[in-house]
Amino acid sequence: MLIVTAGCALLGLATGSFLTVVIRRTGTRSTIIWGRSRCPKCKRTLRWFELLPVISFLLQRGRCRSCRRPLSLLYPIVELSTAFLFVALAVAVVQGVISPPPFSGDVAAASPGAAVVWFLYYAFFAAIAIVVSAY
């Protein structure tokens with residue numbers, strides 16, 4: 001269960017990082033899929049090591065490496081919230097706390113990958129809820 005929890009936490013951090021892009025770019029003319037991440041203040045393109053969820057924010061002390069202006073707390077809050085929610089969903093699915101999705105039926109319960117499908121189903125809607133809440 002520890003490996004599943006750690007995996008869901010990492011998946012949540014990565015998803016949360018993408019969700020901050022979605023939140024920041026929604027309502028602008030920027031595309032969500034294409035384009036590199038930039039500092040919201042100085043517009044410098046960020047390098048890969050500046051994009052590590054939560055870790056980069058902590059190592060840089062919440063500031064841009066280039067212009068030294070403070071970054072929004074939205075980034076670590078969304079990333080950590082998504083990680084926490086994904087772990088909670090995984091535990092709830094494995095322990096049977098949440099009921100199976102409406103499409104599952106009896107056949108899906110018998111399949112070994114049903115818990116993974118159920119987790120992904122609930123994680124998708126949780127991610128949408130985070131974007132809507134933060135936006």
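By convention here, the first residue in the shown sequence is residue 1.
The line from SG of Cys64 to CZ of Arg44 is 5.0 Å long, rounded to the nearest 0.5 Å. Distance check: Cys8 SG to Leu13 CG gives 11.5 Å after rounding to the nearest 0.5 Å. In this structure, Arg61 CZ and Ser56 OG are separated by 13.5 Å, a value rounded to the nearest 0.5 Å. Between the OG atom of Ser72 and the CZ atom of Phe57 there is a distance of 7.5 Å, given to the nearest 0.5 Å. Expressed to the nearest 0.5 Å, how far OH of Tyr135 lies from CD1 of Ile23 amounts to 10.5 Å. Distance check: Leu52 CG to Leu58 CG gives 11.0 Å after rounding to the nearest 0.5 Å.
Across all their heavy atoms, Ala83 and Ala9 have their closest contact at CB-O, 3.5 Å. Considering every non-hydrogen atom in both Trp34 and Arg25, the closest pair reads O-NH1, 3.2 Å.
More than 12 heavy atoms of other residues, nucleotides or ligands sit less than 6.0 Å from atom CZ of Arg68. Counting non-hydrogen atoms of neighbouring residues, nucleotides and ligands closer than 6.0 angstrom, the CZ atom of Phe84 reaches no more than 12 such neighbours. The environment of CZ in Phe49 is crowded: more than 12 heavy-atom neighbours from other residues, nucleotides or ligands sit within 6.0 Å.
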Next item on the list: Go through Cys39 and Ser66 one step at a time and tell me if the side-chain contact (heavy atoms from CB on, under 4.5 Å) criterion holds.
Entry: CA-CA 9 Å; Cys39 169; Ser66 184; over 6 Å; no
Next item on the list: Before giving the answer on side-chain contact (heavy atoms from CB on, under 4.5 Å), spell out for Ile130 and Phe125 the whole-Å C-alpha distance, their side-chain angles and the decisive distance to 0.1 Å.
Entry: CA-CA 9 Å; Ile130 288 172; Phe125 288 106; over 6 Å; no
Next item on the list: Show your working on side-chain contact (heavy atoms from CB on, under 4.5 Å) between Glu79 and Leu19 and close with a plain yes or no.
Entry: CA-CA 8 Å; Glu79 291 165 357; Leu19 295 181; over 6 Å; no
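Residues Leu71 and Lys41 have side chains not in contact (no heavy-atom distance under 4.5 Å, counting atoms from C-beta outward). The side-chain heavy atoms of Ile128 and Phe124, taken from C-beta on, include a pair separated by under 4.5 Å. Looking only at side-chain heavy atoms (C-beta outward), Val21 and Ser37 come within less than 4.5 Å of each other.
For the 3.5 Å distance criterion, the side chains of Arg24 and Tyr75 qualify, holding a donor opposite an acceptor.
Salt-bridge formation is not detected for the pair Glu50/Arg38: no Lys NZ or Arg NE/NH1/NH2 atom is positioned less than 4.0 Å from an Asp or Glu carboxylate oxygen.
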